[in-house]
Amino acid sequence: MIISTAWTRKVQNSKTLQQQYRHLFKMDTPYQTSVIDGLHLLSDNPLEPAFLSLMKSYGKHNYPTKSPYAKSYSLGCVTLLFGPRFPKVAPYKIKINPSEGGLSLQQVLDWATFASGNASNLHVRRVDFKVDLLNYDPVHCMNRIWASGFRTLDDRFKNETLYLGSKRGSKSIIIYDKATQQKIPKNIHFDWTRVEVREKYDKQNQLSLPVFLQDLRLISPFQNLVIVDADQTGLDALLVKYKKTVIADSVVKTFKTLNTYQRKALLKKLDDMGKLSYLTIEHDKQLRDWLIY
């Protein structure tokens, strides 16, 4: 049986554990296929003893310093947080990363059921959706990305990563070099751009996990997120009528100098010229590829 290298050495070396929990650890989908890179689930109910025993026996015990929780066990693609520091925080939080684990949608449900006894007891707090762009230069993507309709477009560069939006907001966008993050050797290094949309759901909008997964095809986290394929010369030519020029080769910085009407008109012109690539199309394709397993 093939399992992801993301699991701890204890799991990788335990044939008994792999046989007992084959449906949880087996790579049912190719590595990094899932469009979900992080699924944050809350539970108000006690978790299953078998799950807690597995996490304590094979996971790493952590004491998070900057977290609403005092304790945590990390087991590869699954993390358990407990011991809430504040009254309104749910007793338990579980994070699952199907992308790193090579997990199918059914396996996500299996893990949820194993942890809680009933997957409906877990509610979705945050989802990290992703799109991978292979053979696409990360810096070029950062310079040409635009999130139309995004309320707070606060772009920040940190460690060669572009962050759009406030960390405290309900939605943020992160673009980074996944090949470098994965420490792929330079001699076989290739362009691998990861675009993530992180969405938080407040208490009124939190869905149970089964309902969320059932509606997954209807969710469009990358809607209105586009890559402008025009080069700087082409953009400068279109900006002449507004008496503007491209700023620091950045679409975000440039578009922020335009008013709403000007941005809409410019995007319409670029779309008519075939210079916009809609990431929602790529997301839908990668979602379909994941769901066939």
Side-chain angles (χ1 to χ4, degrees), residues 35 37-38 127-182 189-200 219-287:
V35 295
D37 200 49
V127 184
D128 300 340
F129 298 97
K130 75 169 179 67
V131 161
D132 283 328
L133 303 175
L134 300 180
N135 300 314
Y136 200 103
D137 182 73
V139 174
H140 181 77
C141 183
M142 293 176 198
N143 287 336
R144 289 294 177 265
I145 200 82
W146 175 252
S148 181
F150 205 71
R151 288 186 179 182
T152 54
L153 207 56
D154 176 23
D155 56 305
R156 310 181 305 283
F157 276 99
K158 183 180 179 181
N159 298 328
E160 299 183 352
T161 298
L162 176 64
Y163 297 85
L164 298 177
S166 169
K167 289 184 179 180
R168 296 184 178 182
S170 61
K171 185 173 182 177
S172 59
I173 300 167
I174 301 91
I175 302 115
Y176 59 97
D177 186 337
K178 187 65 177 177
T180 298
Q181 190 256 2
Q182 290 282 295
H189 193 285
F190 58 93
D191 288 331
W192 179 2
T193 300
R194 167 70 57 85
V195 182
E196 289 186 13
V197 173
R198 298 176 182 175
E199 290 208 27
K200 299 176 183 176
I219 301 173
S220 299
F222 292 86
Q223 188 173 15
N224 298 325
L225 191 59
V226 299
I227 295 176
V228 178
D229 292 323
D231 59 20
Q232 182 167 335
T233 301
L235 281 174
D236 279 337
L238 296 174
L239 290 165
V240 168
K241 64 183 298 184
Y242 306 120
K243 298 180 180 179
K244 305 283 187 180
T245 57
V246 175
I247 299 174
D249 199 31
S250 168
V251 164
V252 170
K253 287 182 170 62
T254 304
F255 279 30
K256 284 170 68 174
T257 67
L258 304 174
N259 61 41
T260 302
Y261 170 79
Q262 291 170 338
R263 280 200 298 268
K264 286 184 177 179
L266 183 55
L267 285 166
K268 176 67 167 56
K269 182 65 175 178
L270 288 165
D271 198 19
D272 291 342
M273 295 169 62
K275 295 296 184 179
L276 295 185
S277 295
Y278 289 85
L279 288 185
T280 189
I281 295 175
E282 187 59 31
H283 167 262
D284 290 347
K285 176 185 177 298
Q286 293 182 21
L287 173 61

Polar side-chain atom of Ser220 near backbone of Gln223 as donor-acceptor pair, under 3.5 Å: no
Shortest non-hydrogen separation from Ala265 to Tyr242 and the atoms involved: CB-OH, 3.5 Å
For the residue pair Lys264 and Leu267, establish whether any side-chain heavy-atom pair is separated by less than 4.5 Å. no
Between Glu196 and Tyr176, is there a side-chain heavy-atom distance shorter than 4.5 Å? yes
Would you confirm whether Asp236, through its side chain, and Val246, through its main-chain N or O, come within 3.5 Å as a donor-acceptor pair? yes
Once you round to the nearest 0.5 Å, how far does OG of Ser277 lie from CD1 of Ile145? 9.5 Å
Please report the interatomic distance CG(Leu266) to CG(Asp271), rounded to the nearest 0.5 Å. 11.0 Å
Got a donor-acceptor contact below 3.5 angstrom from the Arg194 side chain to the Ala179 backbone? no
Side chains of Leu134 and Asp191: closer than 4.5 Å at any heavy-atom pair? no
Derivation of the side-chain contact (heavy atoms from CB on, under 4.5 Å) call for Leu276 and Val228: CA-CA 5 Å; Leu276 295 185; Val228 178; 3.8 Å; yes
Evaluate salt bridge (Lys or Arg N to Asp or Glu O under 4.0 Å) for Lys130 paired with Asp128, printing each intermediate quantity in order. CA-CA 7 Å; Lys130 75 169 179 67; Asp128 300 340; over 6 Å; no
Taking atom CD1 of Ile175 and atom CZ of Arg144, what is their separation to the nearest 0.5 Å? 13.5 Å
Looking only at heavy atoms, which two atoms of Tyr261 and Asn259 are closest? And how far apart? N-OD1, 3.1 Å
For a quick check under 3.5 Å, do Asp284 and Tyr278 share a side-chain donor-acceptor pair by atom type? no
Heavy atoms, side chains only, cut-off 4.5 Å: are Leu239 and Thr245 in contact? no
Phe222 pairs by side-chain contact (heavy atoms from CB on, under 4.5 Å) with which of Val35, Leu279, Ile173? Leu279
Testing the basics here: between Gly169 and Lys200, what is the closest heavy-atom pair and its distance to 0.1 Å? O-CD, 3.6 Å
Does any non-hydrogen side-chain atom of Leu133 lie less than 4.5 Å from one of Ile227? yes
Hey, what's the ring geometry for His140 with Tyr136, parallel, tilted or perpendicular (30° and 60° as the breaks)? tilted
Would you find a donor on one side and an acceptor on the other, under 3.5 Å apart, between the side chain of Arg198 and the backbone of Ser172? no
Approximate separation, where rounding is to 0.5 Å, of Lys244 NZ and Leu238 CG: 15.0 Å
To the nearest 0.5 Å, what is the distance between CG on Asp272 and NZ on Lys269? 7.0 Å
Which residue, Asp37, Val195, Ile219, forms the side-chain contact (heavy atoms from CB on, under 4.5 Å) with Phe129? Ile219
dist Asp229:CG -> Leu235:CG (nearest 0.5 Å) comes out at 10.0 Å
Under a 3.5 Å distance rule, please check whether Thr254 uses its side chain to pair with a backbone N or O of Ile247 as donor and acceptor. yes
